[in-house]
Amino acid sequence: MKKLLLYSFTCLSLAALLASCSSKGGNSSSKTGIPYADRKSKNNQSGAFAVATQYKRAPGPGLIPIEGGVLVVGGSAIEVPGVEPNIYNYKRQVTVPSFYMDETEVSNTDWLEYLHWIRYNYPEDREFYYNELPDTLVWRRALSYNEPYVDNYLRHPAYRDYPVVGVSWEQASRYCEWRTSRANEFILREKGILTDYKTLAGNGKGNTAATTAAATPKPDKPFNTDAYLNGQYDDKGKNAPIDYNTRSGAATTTAGTATAATGGKNNQPRRTATLEDGVIMQPYRLPTEAEWEYAALGLIGNTEYENINQNKIYPWNGLGVSSAKKKTRGMIQANFKRAPGDYMGVGGSLNDKGDLTVPVIQYTPNDFGLYNMAGNVNEWVNDVYRTGTFTDADAFNPYRGNYFTNKKLEDSQSGKIALDKYGNPIKENAYAGRKQTWAEKQAQAKRSDSISKSTDPQSPIAATSYQADQRGYRDRQNILLNEEGVTLVNDKSRVYKGGSWNDMAYWLNPATRRFMQQDESSAEVGFRCAMTMLGAPEISTAGKRSFKNPPQKPYRVSRGK
């Protein structure tokens, strides 16, 4: 009888253990039954597999979620006599995945923060600072008195919340990269995964902070997300992830350093966070043209059960540019040029309350919660310009601009990536369009090393069968030339959208598109950032119909005979 009771208890205990191993995950493997390693487990051993079971996604600072869906690109375009339909009004149904986008345009204060960081971290590098200065001369006109804007628009507090202008596509892209590392560093230090700011400042209790700061080697370059993920930024805070895979007797120096840096509770070795931990954000970037048009149109407010009850011409409802609401009836809903020479209306009753630009938070946001998606300034998007982009690009997440690259390796054996003098990864042309075999990878490493030592760019050793430049993929457009025979459209021509303070209402339509060279800038062009959303596309399930997931069932335990 005792044997039977003991046997039953054992089976029930095993069943209870396996019950947590659902096909949808949990704290144990659904395929092996082995518990995952975590801080709460008492039986963690070396070689344990850690899984981020508590991951919850959230937008980065300044971003709001945009739930994706079907978009008819060019579907909102206004038919204008004399405007070629293929350039502006080509209509095609595509799907845009969910993503995040900045609530507002990047402001002068945001850019001055970038410049301050450069000056503080690289005080002697005047070239770096100069290259990131906006071109304030974009305000200068031969027959207009705009010198006050040349001198004051970027820096004077009167314009601190106004959109930054005079920024090229290239500068905007570099800002996105800088913002990615700064936002990730802030999150990691606030969580204590990196040494926290208080400890770095030496403000801890007693001598603990000073001792910890001394025990943690200070990297010679500022934090960079890619370098950190590759293990090339050695900084472990008190809440850095526990390293369950340190073999006994190995890496004692590293483990000892980590213990000293974390306060040494239980003498548990620490490691840097990885992508699998779910604490590193995706990169900030410029939005694709399709993303921008989808977000600007904001049809989510007019949609119920997949039925769009009212289309739009602008980011707001209605056929006109003025408000139809009782309290704001007749007021202009964006900052643009109402008629030739009319930038702001009549004194005493200014129609859009702005002569040039206006603050980044002004007027009513669209149904996604985005401000100034029409007017104020045009905005750079990521795409290379071609008239036939939407006839050629894929129907899912269409984009033209891919130029595939790899992070250059400094040491192919250790996997250490090469960094420039600012700590950013050096990029080089992608090696292949598929995963290479191990033998191909080793041969490529030798070939790359030989190429770097070769002085002849036409050497056969430099030849590659893979072409990473996809910007002209399926490009059937003839090269456009002006009257002097100069190329107008090439791989450096980038799209901008949205209309500006100096544009007529036609350009406020989200489907319209123009282009400028990526190294050029204008007083009428600014930008905002976007970020890829990972995981399920649905943002909120509240009030929405859905299938009920079946309850978790324990695995059956066979008693045998």
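Rounding to the nearest 0.5 angstrom, the gap separating the CH2 atom in Trp380 from the CZ atom in Phe515 is 10.5 Å. If you take NZ on Lys497 and CH2 on Trp507, they are separated by 10.0 Å, rounding to the nearest 0.5 Å. Note that the NZ atom of Lys492 and the CE atom of Met516 stand 14.5 Å from one another [nearest 0.5 Å]. Between the CD1 atom in Ile193 and the CG atom in Asp235 there is a gap of 11.0 Å [rounded to 0.5 Å]. Rounded to the nearest 0.5 Å, atoms CG (Asp352) and OG (Ser322) are 12.5 Å apart. Here the OG1 atom belonging to Thr225 is positioned 4.0 Å from the CG atom belonging to Asn184, to the nearest 0.5 angstrom.
The aromatic rings of Phe186 and Tyr197 sit tilted relative to each other, their planes meeting at an angle between 30° and 60°. Taking the six-membered ring where tryptophan is involved, the planes of Tyr122 and Phe128 are perpendicular, since the angle between them exceeds 60° and thus also 30°. Note on ring orientation: taking the six-membered ring where Trp is involved, the planes of Tyr228 and Phe223 are tilted (angle from 30° to 60°). Classification of the Tyr159-Tyr153 ring pair by plane angle, with boundaries at 30° and 60°, yields tilted. Classification of the Trp178-Trp117 ring pair by plane angle, with boundaries at 30° and 60°, yields perpendicular.
With salt bridges taken as basic N to acidic carboxylate O contacts below 4.0 Å, none links Asp383 and Arg471. Taking a cutoff of 4.0 Å between a charged side-chain nitrogen and a carboxylate oxygen, Asp392 and Arg92 do not qualify as a salt bridge. Glu67 has a carboxylate O that lies under 4.0 Å from a charged side-chain N of Lys544, or vice versa, which qualifies the two as a salt bridge. With respect to the salt-bridge test (charged N to carboxylate O, under 4.0 angstrom), the residues Glu177 and Arg174 do not qualify.
Between the side chain of Gln171 and the main chain of Leu133, a donor-acceptor pair closer than 3.5 Å is present. The main-chain N or O of Pro163 is never found under 3.5 Å from a side-chain atom of Asn376 such that the two would form a donor-acceptor pair. Glu379 places no side-chain N or O within donor-acceptor distance of the main-chain N or O of Trp292, the cut-off being under 3.5 Å. Side-chain atoms of Glu293 come within 3.5 Å of backbone N or O of Gly74 as a donor-acceptor pair. Asn146 places a side-chain N or O within 3.5 Å of a backbone atom of Trp139 that can act as its donor or acceptor partner. Counting only distance, with no hydrogens or angles, the side chain of Gln436 and the backbone of Gly433 share no donor-acceptor pair below 3.5 Å. Distance alone, capped at 3.5 Å, is enough to place a donor-acceptor pair between the Glu291 side chain and the Thr288 backbone. Side-chain N or O atoms of Tyr294 include one that pairs as donor or acceptor with a backbone N or O of Gly68 at under 3.5 Å. Judged by distance alone, with hydrogens and angles left aside, the side-chain atoms of Ser98 form a donor-acceptor pair with the main-chain N or O of Pro537 at under 3.5 Å. With hydrogens and angles disregarded, a donor-acceptor distance shorter than 3.5 Å links the side chain of Asp420 to the backbone of Tyr422.
The two residues Gln518 and Ser168 have their closest heavy-atom pair at O-CB, 3.4 Å. In terms of heavy-atom proximity, Ser521 sits nearest to Asp135 at OG-CB, 3.7 Å. Shown here for Asn230 and Ile417, the closest heavy-atom pair between the two residues is ND2-N, 3.5 Å. Looking at every heavy atom in both residues, Ile539 comes nearest to Pro65 through CD1-CB, 3.5 Å. Considering all non-hydrogen atoms of both residues, Ser493 and Val489 come closest at OG-CA, 3.5 Å. Here the shortest heavy-atom pairing between Arg545 and Tyr305 reads NH2-CD2, 3.8 Å.
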Exercise for the section: Given side chain to side chain contact (heavy atoms under 4.5 Å, CB included), test Tyr233 with Thr272 step by step and report yes or no. Expected result: CA-CA 9 Å; Tyr233 189 87; Thr272 57; over 6 Å; no
Practice task
Could you check Leu419 against Ile426 for side chain to side chain contact (heavy atoms under 4.5 Å, CB included), going step by step and ending with a plain yes or no?
Solution key: CA-CA 6 Å; Leu419 305 175; Ile426 298 173; 5.8 Å; no
Problem - Stepwise side chain to side chain contact (heavy atoms under 4.5 Å, CB included) test for Asn108 and Arg155 - result: CA-CA 7 Å; Asn108 285 322; Arg155 298 184 183 277; over 6 Å; no
Handout entry: Val495 and Glu289: CA distance, side-chain angles, deciding distance, side chain to side chain contact (heavy atoms under 4.5 Å, CB included) verdict
Key = CA-CA 7 Å; Val495 179; Glu289 183 176 1; 3.8 Å; yes
Handout entry: Worked check of salt bridge (Lys or Arg N to Asp or Glu O under 4.0 Å) between Asp519 and Arg494
Key = CA-CA 9 Å; Asp519 57 354; Arg494 299 286 176 170; over 6 Å; no
Practice task
Test ring pair (Phe, Tyr, Trp, His ring centres under 6.0 Å) on Trp111 and Tyr175 and set out the steps.
Solution key: CA-CA 8 Å; Trp111 198 268; Tyr175 172 87; 5.3 Å; yes
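For the pair Arg338 and Tyr343, the NZ or CZ position fails the cation-pi test of under 6.0 Å to the six-membered ring centre and within 45 degrees of the ring normal.
The environment of CZ in Arg57 is crowded: more than 12 heavy-atom neighbours from other residues, nucleotides or ligands sit within 6.0 Å. The neighbour count for Gln54 CD, taken as heavy atoms of other residues, nucleotides or ligands under 6.0 Å away, does not exceed 12.
At least one side-chain heavy atom of Ser173 sits under 4.5 Å from a side-chain heavy atom of Leu286. Thr405 has its side chain out of reach of Asn429: every pair of non-hydrogen atoms, C-beta onward, lies at least 4.5 Å apart. Inter-residue side-chain proximity for Tyr385 and Arg513 is flagged as met; some heavy-atom pair is nearer than 4.5 Å. In this structure, the side chains of Lys353 and Met331 come closer than 4.5 Å at one or more pairs of heavy atoms. Taking 4.5 Å as the limit, some side-chain heavy atom of Arg528 sits within range of a side-chain heavy atom of Met101. Side-chain contact between Pro97 and Phe396 is present, with at least one heavy-atom pair separated by less than 4.5 Å. In this structure, Lys337 and Asp342 have side chains that are not in contact, with every pair of non-hydrogen atoms separated by 4.5 Å or more. Looking at heavy atoms from C-beta onward, Gln470 lies in side-chain contact with Phe404 at the 4.5 angstrom threshold.
Side-chain contact annotation: Thr389 with Arg400, donor-acceptor N/O pair under 3.5 Å present. In this model, no donor atom of one side chain and acceptor atom of the other lie less than 3.5 Å apart for Asn382 and Arg285. For the residue pair Asn302 and Asn317, a side-chain donor N or O sits within less than 3.5 Å of a side-chain acceptor on the partner. Side-chain contact of Glu524 with Asn502: a donor-acceptor pair under 3.5 Å is present, judged by distance alone. There is a side-chain donor-acceptor pair under 3.5 Å between Ser107 and Asp110. Side-chain N/O atoms of Gln517 and Asn490 include a donor and acceptor closer than 3.5 Å. Looking only at atom types and distance, the side chain of Asn509 has a donor-acceptor partner in the side chain of Ser76 under 3.5 Å away.
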Run the side-chain donor-acceptor check on residues 367-374: report pairs under 3.5 Å with partners two or more places apart or on a different chain.
| residue | atom | partner | partner atom | Å |
| --- | --- | --- | --- | --- |
| Asp367 | OD2 | Lys312 | NZ | 3.2 |
| Asn372 | ND2 | Pro359 | O | 3.4 |
| Asn372 | ND2 | Val360 | O | 2.9 |

